[in-house]
Each structure stands twice: as structure tokens, then as C-alpha cells.
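Below is one structure, written out as C-alpha cells, with a few remarks after it.
These numbers come from a predicted model, not from an experiment.
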Amino acid sequence: MKLYIIAGEASGDLHAADLLRELKRKHPAIQARAWGGDLLKAEGAAIVKHYKDLAFMGFTEVLLNLRTILRNIDFCKKDILEYKPDAIILVDYPGFNLRIAEFAKKHGFPVYYYISPQVWAWKSSRVKKIRESVKKLFVILPFEKEFYKKYDYDVEYVGHPLTDVIRRKSETFSDRNLFLKKNSLSDFPIISLLPGSRKQEIKTMLPLMLAIVNKFPDYRFVIAGAPSQDDSLYNNFIKDKNIKLLTGVTHELLHHSHVALVTSGTATLETALLNIPEVVCYKGGRISYYIARSLVKIKFISLVNLILNREVVKELIQDNLTANHLELELKRILTGDARKRMLSDYAELREKLSIGGAAARTAGLIIDDLKIKS
């Protein structure tokens with residue numbers, strides 16, 4: 001049994017690796033060829049292209065790199081035809097993967113899509129293309145099943161894979177004293193800074209986050225470095241000895257943090273699942289932002305607020321993302337009622353997502369659909 005897996009970002013690599021592990025547990029003879037990263041490689045997939053070479057953010061950056069993106073799509077199509085997989089598994093990464101889904105359908109390859117494109121946010125016209133091209137769609141947010149039902153498309157809600165990732169990782173976390181010791185941190189409450197994983201994001205977000213460091217002398221600021229980036233990128237912005245950079249330990253760092261400033265994305269949900277109060281931050285290129293604002297139909301940008309359908313965490317977006325606003329919102333959740341209310345809302349969030357076993361459930365459904373015998 002040969003599978004072709006496409007995951008174009010770090011989070012996709014994580015969830016695709018968990019899915020491949022579960023697939024192999026049910027059917028050990030599976031072979032996989034993949035677009036992804038080190039985690040998929042560790043599960044035995046042959047990596048065609050690393051996600052580091054694929055991540056382009058925002059309308060402007062996509063346009064500037066359109067030729068590269070189109071070359072990658074053409075290469076991927078040829079590679080699929082040469083490999084002749086028994087099935088194709090797409091993980092998130094919609095701009096690329098929806099094109100591949102359409103191509104795969106035309107050539108008779110069954111397509112399984114794990115983690116739905118966010119068509120409920122914008123371009124709902126893509127639902128028709130998904131329904132026509134994808135054999136089975138596995139969604140991870142509770143409201144997505146109802147959304148697709150409006151389009152007469154029956155999808156599988158499998159739960160959010162992050163709940164399993166967080167639960168698994170939490171079992172390996174050091175106690176606080178050991179964590180501080182092994183990372184040469186003094187015993188101050190930690191404010192974590194998560195400026196994103198892409199170079200463009202980091203260059204925009206990190207200086208804004210660092211602008212308030214001197215306002216909180218009784219806290220230690222720690223940057224959660226992305227494994228896909230060199231330390232030198234962060235060190236260009238670090239001028240204060242009170243700032244520490246830790247790479248590759250984001251979940252454990254958050255676990256030992258008092259609060260966090262988090263760039264909008266999956267990390268906002270990870271922070272909430274780890275029960276850490278946060279301020280959600282986003283600032284993009286002006287052209288990209290205004291194009292997005294004209295197209296996007298949702299009230300919130302953070303998954304926490306979207307899932308609970310109300311403002312649980314403060315979102316500081318574009319022109320509202322200033323040092324003054326960051327300082328104000330951070331002070332608001334350090335102590336007191338606002339902090340207690342946020343933690344109470346987090347408990348409701350975890351309850352909504354507590355189905356668990358997303359990767360195992362998805363693997364079982366794929367195996368059953370392909371009628372593979374163990």
C-alpha cells in the first residue's frame with residue numbers, strides 16, 4: 001500500500017506524522033512519499049520537498065513567488081504520476097492542496113483530506129470543488145460539520161489533533177525548577193513571546209512584542225523560537241539581557257509561563273489548551289491585510305474565539321497592535337478577574353474539543369474506506 005502525503009507547513013507536518021504513525025499501526029506494510037518535514041521523515045516517509053521551501057504568507061508574498069509555487073505544483077503532479085500511489089492524503093495547506101485534489105481526481109487517485117481548508121472563513125465557493133475532488137473530508141473543529149451540511153456535504157468530525165499532541169507532550173514536561181535550571185532561567189514569572197514560524201511574520205511581530213519588555217521588570221521574557229528558523233534571525237532583534245531565546249520547546253515553555261503574546265494561528269489554540277492566558281497579535285502587509293479583510297467573513301481570527309463564538313482572548317490586529325495596547329492587555333490578564341474569566345473559558349474550550357484520538361480515528365476511517373485488510 002503506497003500513500004502520497006502533502007503537508008506544506010510545520011503544523012501540517014506534525015499532524016500528518018501522527019496520522020501516518022496511526023496508519024502504520026493499523027497496516028504496517030504502508031509506504032509513504034511526502035511533502036512535509038522532519039516529523040514525517042521520522043515516521044518513515046520519503047520526503048520529496050521540505051515545508052521550509054513551501055511556506056509563503058499573505059497575498060503579496062504569494063504573488064511575488066507565484067512562479068515558484070506553480071513550478072512546485074507541476075513537479076508534484078509529475079511526481080504523483082510516477083509514484084502511482086494507492087491514495088493521496090492532503091493535510092491543510094489549501095492553496096496548494098486543492099489544486100492537487102482536482103488533478104488527482106481526474107487521474108483516478110482517491111483523495112482523503114485531513115484538516116479542512118477554512119472555507120467557512122472565506123471563499124466558500126471552494127466547497128463545490130472539495131466535494132467533487134475529495135473522497136472523504138475529515139474536519140477538526142466542532143462547527144465545521146454543520147457548515148458543510150448546509151452544502152449537502154457529509155464530512156467526518158474527528159476531533160482536534162492538538163488535544164492529543166498536548167496531552168502526550170504534557171507527560172514529558174520537566175517540573176518548573178528543572179526547566180528553569182536546564183534553560184538557565186532565573187525564578188521569575190515567564191512571559192512567552194510567540195512571534196510565528198515564518199521569517200516574514202517574525203520580522204514583523206517580534207519587534208512589536210519586544211517593545212514592552214522594559215515595562216515588566218518583574219517578569220522574564222522568553223521567545224519561543226521556531227525550529228525552522230536560525231537563531232540569528234531572533235538575535236538580530238534581541239538587545240536586552242532580560243530576553244531569552246528557546247527553540248524547539250514551545251509547548252513546555254508555555255506550560256511554565258504565566259502569560260503569552262501569541263501571533264494569530266494554531267499557536268493561539270495550543271496556548272489555550274495549555275491553560276495559559278494570552279493576547280493574540282497579528283500585523284500583516286498593508287495590501288495583504290486589506291485584501292483579506294474585504295474577503296474574510298468571520299468575526300474573529302483566533303481559533304479560541306471562533307470555537308467558543310465570543311471574545312475570550314483579546315485580538316490586537318493591524319493598526320490596533322501597538323506597544324501601548326500590548327502593555328494594557330498584558331497587565332489586564334496578569335492577575336484579577338480578567339485572568340480568572342479567561343481560564344474559566346478555557347475549561348469550556350477543552351470540554352468542546354475533548355473527543356480525543358483524531359489521528360487514530362482518521363486512520364481507521366481511511367483504512368476502512370480503502371478496504372485494507374490488516
Side-chain angles (χ1 to χ4, degrees), residues 3-9 11-12 14-16 18-19 22-23 87-106 108-164 264-266 268-269 273 292 294-310 348-370:
L3 299 177
Y4 200 97
I5 302 171
I6 304 175
E9 297 175 302
S11 61
L14 169 64
H15 300 316
D18 284 350
L19 178 58
E22 294 296 336
L23 286 164
I88 295 173
I89 297 175
L90 308 175
V91 182
D92 202 0
Y93 198 48
F96 190 98
N97 276 340
L98 287 178
R99 290 173 180 247
I100 297 301
E102 200 171 15
F103 165 83
K105 172 71 174 178
K106 287 177 182 176
F109 299 108
V111 177
Y112 299 91
Y113 211 127
Y114 182 44
I115 306 178
S116 167
Q118 294 180 352
V119 289
W120 37 266
W122 71 299
K123 290 184 76 172
S124 56
S125 59
R126 292 179 293 177
V127 173
K128 184 175 183 288
K129 181 183 288 188
I130 297 170
R131 190 174 56 197
E132 290 174 350
S133 304
V134 175
K135 196 164 190 282
K136 278 194 177 297
L137 175 63
F138 307 101
V139 302
I140 64 171
L141 297 172
F143 60 80
E144 289 180 314
K145 189 170 178 69
E146 282 302 310
F147 168 82
Y148 280 106
K149 192 175 181 180
K150 292 188 298 185
Y151 294 88
D152 196 28
Y153 188 24
D154 188 25
V155 302
E156 299 281 355
Y157 173 56
V158 294
H160 204 294
L162 271 179
T163 60
D164 301 310
S264 177
T266 307
T268 63
L269 182 57
L273 290 173
S294 68
L295 296 173
V296 172
K297 305 178 228 175
I298 51 177
K299 291 187 290 184
F300 305 110
I301 64 169
S302 70
L303 286 171
V304 178
N305 292 344
L306 283 167
I307 292 168
L308 292 180
N309 196 30
R310 63 179 185 271
E348 182 184 343
L349 176 77
R350 290 193 296 275
E351 180 66 26
K352 273 185 173 286
L353 299 177
S354 64
I355 181 172
R361 188 172 290 106
T362 303
L365 291 167
I366 291 173
I367 295 287
D368 289 347
D369 194 67
L370 287 170

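- Going from atom CG of Leu273 over to atom CZ of Arg350 covers 7.5 Å, rounded to the nearest 0.5 Å.
- The nearest pair of heavy atoms linking Ile355 to Val158 is CG2-O, 4.1 Å.
- At least one side-chain heavy atom of Lys299 sits less than 4.5 Å from a side-chain heavy atom of Asn309.
- Of all heavy-atom pairs between Leu19 and Ala359, the closest is CD1-O, 3.5 Å.
- Residues satisfying the side chain to side chain contact (heavy atoms under 4.5 Å, CB included) test with Leu14, not counting sequence neighbours, are Asp18, Leu39, Val165.
- Under the side chain to side chain contact (heavy atoms under 4.5 Å, CB included) criterion, Asp92 pairs with Glu9, Pro94, Ile115, sequence neighbours left out.
- Between Phe96 and Tyr93, the ring planes lie parallel to each other; the angle is under 30°, not in the 30° to 60° tilted range.
- Between the CD1 atom of Ile307 and the CZ atom of Phe300 there is a distance of 12.5 Å, given to the nearest 0.5 Å.
- Taking each heavy atom of Leu370 and Pro110 in turn, the nearest pair found is CD2-CG, 4.3 Å.
- Ser133 places no side-chain N or O within donor-acceptor distance of the main-chain N or O of Ile130, the cut-off being under 3.5 Å.
- Under the 4.5 Å side-chain criterion, counting only non-hydrogen atoms from C-beta, Leu98 is in contact with Tyr113.
- Glu348 is linked by a salt bridge (charged side-chain N to carboxylate O under 4.0 Å, His left out) to Arg310, counting only residues two or more places apart in sequence or in another chain.
- Distance CG/Leu353 to CG/Leu269: 6.0 Å, rounded to 0.5 Å.
- For the pair Asp164 (side chain) and Ala358 (backbone), a donor-acceptor distance under 3.5 Å is present.
- Contact annotation: the side chain of Tyr114 never approaches that of Ile366 to less than 4.5 Å [non-hydrogen atoms, C-beta and beyond].
- Contact record, Val304 with Thr268: CG2-O, 3.5 Å, taken as the closest heavy-atom pair.
- Salt bridge annotation for Lys105-Glu132: absent, with no cationic side-chain nitrogen under 4.0 angstrom from a carboxylate oxygen.
- Taking CD1 from Ile88 and CD1 from Ile5, the interatomic distance works out to 11.0 Å, rounded to the nearest 0.5 Å.
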When the side chains of residues 134-144 are checked against the rest of the protein, which donor-acceptor pairs come out under 3.5 Å, sequence neighbours left out?
from   : atom 1 : to     : atom 2 : distance (Å)
Lys135 : NZ     : Asp369 : OD1    : 3.4
Lys135 : NZ     : Asp369 : OD2    : 2.5
Glu144 : OE1    : Ile140 : N      : 3.1
Glu144 : OE1    : Leu141 : N      : 3.0
Glu144 : OE2    : Trp120 : NE1    : 2.8

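- With rounding to the nearest 0.5 angstrom, the CG atom of Asn97 is 5.0 Å from the CD1 atom of Ile6.
- Among pairs with a residue in residues 154-163, those fulfilling side chain to side chain donor-acceptor pair (under 3.5 Å) read Lys145-Asp154, at least two apart in sequence or across chains.
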Practice prompt. Would you check, one step at a time, whether the test side-chain hydrogen bond (donor to acceptor under 3.5 Å, both in side chains) holds for Tyr148 with Ser116?
Written response: CA-CA 10 Å; Tyr148 280 106; Ser116 167; 2.6 Å; yes
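- For Phe103, the ring pair (Phe, Tyr, Trp, His ring centres under 6.0 Å) test picks out His107, with sequence neighbours left out.
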